[in-house]
Amino acid sequence: MVNITEETTTATMTVDIAVAAVGGDDAVLEVGAHHMFYTAVKDNPCYSGYLWAPFDALLNIARLAQFPQERIWYHSPFGEYVSNPSLSKIKANEKASDKHPPPATVSTDTPRGYAEKFVPFGEDGWQWWWVEPHVGLELCWPGYQKVRKEFRDRLQGLTGHADRFIGGSADTLYVPGALGDDLLETLGYFLERDCFLEIALPTTLHLILPRDQRIAFVDHWWIWTPPLNTTFVRQKWEEGLEVDSFHTFH
């Protein structure tokens, strides 16, 4: 768990590390990445923000230091790109999204609809978890129904539907400390149901998003083929693109 705070008197960046173990009488039942994030925030309420990344993700600290620390960071389909003068200019036949990695996705069916078209792992691409009966949307739905109505209304305002979720990599995200209580309350409902990491965390970020804010879009690349090292970053730079973070890095 990393907390980045900017000291305005020196315009330098300092990094504080908070380590929390999952345990105790009130610990969640099953340990996973989102359980660890929940516990770290709960046990360390003194931080001004929480930057989450797994051990095998690369973070471009020089870029992330430019992100607004009073807002959520994620590769949201409703996010706002953070200004980056090093990106190559958009050509006449390009869109702004052409300069960035794909965002997380919005579910396209109801939880029950997904459950009815379940296919085994590997036969429906990497979004198998929408339909997986033990961790997927139908299992997440009861937790979602416990979420505060104002938060559910916020998500519905983004997706246009009352029964849609956000799904995608949870390898790089940041939550301001001011939203810590909202995060714990909302994420806790999904953890009670063992809702899958890549549904629970992205959906929670959008549920607790203040109405007057947009999520700062992280240029996060989810890759699984070589090069899984800094060569990948250099290649993207040569293409006129940016890498704020990527997974998997070895």
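Predicted model only: the values in this text are computed from it and were never measured. All heavy atoms count here, side chains included; hydrogens, waters and symmetry mates do not. Each residue takes its place number in the sequence, starting with 1.
Under the 4.5 Å side-chain contact rule for hydrophobic residues, Leu87 and Val233 do not share a cluster. Val175 and Leu197 fall within the same hydrophobic cluster, defined by Ile, Leu, Val, Met, Phe, Trp and Tyr side-chain heavy atoms under 4.5 Å apart, directly or through other members. Note on Ile215: it clusters hydrophobically with Val41, by side-chain heavy-atom contacts below 4.5 Å among ILVMFWY residues. Put simply, Phe165 and Leu139 are part of two different groups of oily side chains (I, L, V, M, F, W, Y) that touch within less than 4.5 Å, one to the next. Under the 4.5 Å side-chain heavy-atom criterion for Ile, Leu, Val, Met, Phe, Trp and Tyr, Trp237 and Phe246 are members of the same hydrophobic cluster.
In the model, Asp56 has a side-chain atom that pairs as donor or acceptor with a side-chain atom of His247 under 3.5 Å. At a cut-off of 3.5 Å, with distance as the only test, no side-chain donor of His75 or Ser169 sits close to an acceptor on the other residue.
Ile199 CD1 to Arg193 CZ: the interatomic distance, rounded to the nearest 0.5 Å, is 13.0 Å. Annotation: the span from Asp244 atom CG to Lys236 atom NZ amounts to 13.0 Å, rounded to 0.5 Å. Within the model, atoms OG1 of Thr172 and CH2 of Trp52 stand 11.0 Å from one another, a figure rounded to the nearest 0.5 Å. Thr186 OG1 to His206 NE2: the interatomic distance, rounded to the nearest 0.5 Å, is 13.5 Å. Rounding to the nearest 0.5 Å gives a distance of 6.5 Å between OG of Ser88 and CD of Glu94. To the nearest 0.5 Å, atoms CD1 (Ile72) and CZ (Phe67) are separated by 13.5 Å.
Contact check for Thr204 versus Phe190: side-chain heavy atoms found under the 4.5 Å cut-off. Counting heavy atoms from C-beta outward, Leu137 and Tyr114 have side chains that approach closer than 4.5 Å. For the pair Phe37/Leu201, a side-chain contact is recorded, criterion being any heavy-atom separation below 4.5 Å from C-beta on. With contacts defined as side-chain heavy-atom distances shorter than 4.5 Å, the pair Leu173/Leu205 qualifies. In this structure, Pro202 and Tyr74 have side chains that are in contact, with non-hydrogen atoms separated by less than 4.5 Å. With a 4.5 Å cut-off on side-chain heavy atoms, Val218 and Ser245 count as touching. Side-chain contact between Lys146 and Glu192 is present, with heavy atoms from C-beta onward closer than 4.5 Å. No side-chain heavy atom of Glu150 sits under 4.5 Å from any side-chain heavy atom of Arg211.
A salt bridge links Arg148 to Glu185: at least one charged side-chain nitrogen sits closer than 4.0 Å to a carboxylate oxygen. Salt bridge Lys99/Glu242: absent, no basic N to carboxylate O contact under 4.0 Å.
Checked against the 6.0 Å centroid criterion, the rings of Tyr50 and Tyr174 do not qualify as a close aromatic pair. Between Tyr81 and His100, the distance from one ring center to the other falls under 6.0 angstrom. Ring pair Tyr189/Tyr144: centre-to-centre distance not below 6.0 Å.
Closest non-hydrogen pair, Arg164 versus Thr159, comes out as CB-OG1, 3.8 Å. In this structure, His34 and Ala200 approach most closely via the heavy-atom pair CD2-CB, 3.8 Å. Residues Arg154 and Leu209 approach most closely at NE-O, 3.0 Å, considering heavy atoms. Phe217 approaches Pro103 most closely through the heavy-atom pair CE1-CB, 3.8 Å. Ala40 and Asn44 get closest at one heavy-atom pair: O-ND2, 2.9 Å. Among all heavy-atom pairs drawn from Phe249 and Asn229, the shortest one is CE1-CA, 3.5 Å.
Checking each of His250, Gln235, Arg234 against Pro227 for a side chain to side chain contact (heavy atoms under 4.5 Å, CB included) leaves exactly one that passes, namely Gln235.
Put simply, the side chain of Asp182 never gets that close to the backbone of Leu179: no donor and acceptor are under 3.5 Å apart. For the pair Trp73 (side chain) and Pro68 (backbone), a donor-acceptor distance under 3.5 Å is present. The backbone N or O of Leu241 sits nowhere less than 3.5 Å from a side-chain atom of Glu239 that would complete a donor-acceptor pair. Without hydrogens or angle criteria, Asn60 side chain to Val243 main chain gives a donor-acceptor distance under 3.5 Å.
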Worksheet entry | Working for side-chain contact (heavy atoms from CB on, under 4.5 Å), residues Leu59 and Leu51 | CA-CA 10 Å; Leu59 301 181; Leu51 175 61; 4.2 Å; yes
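Between Trp221 and Phe232, the two ring planes are perpendicular [angle over 60°; tilted spans 30° to 60°].
Under a cut-off of 6.0 angstrom, the local environment of CG in Asp153 is crowded, with over 12 non-hydrogen atoms contributed by other residues, nucleotides or ligands.
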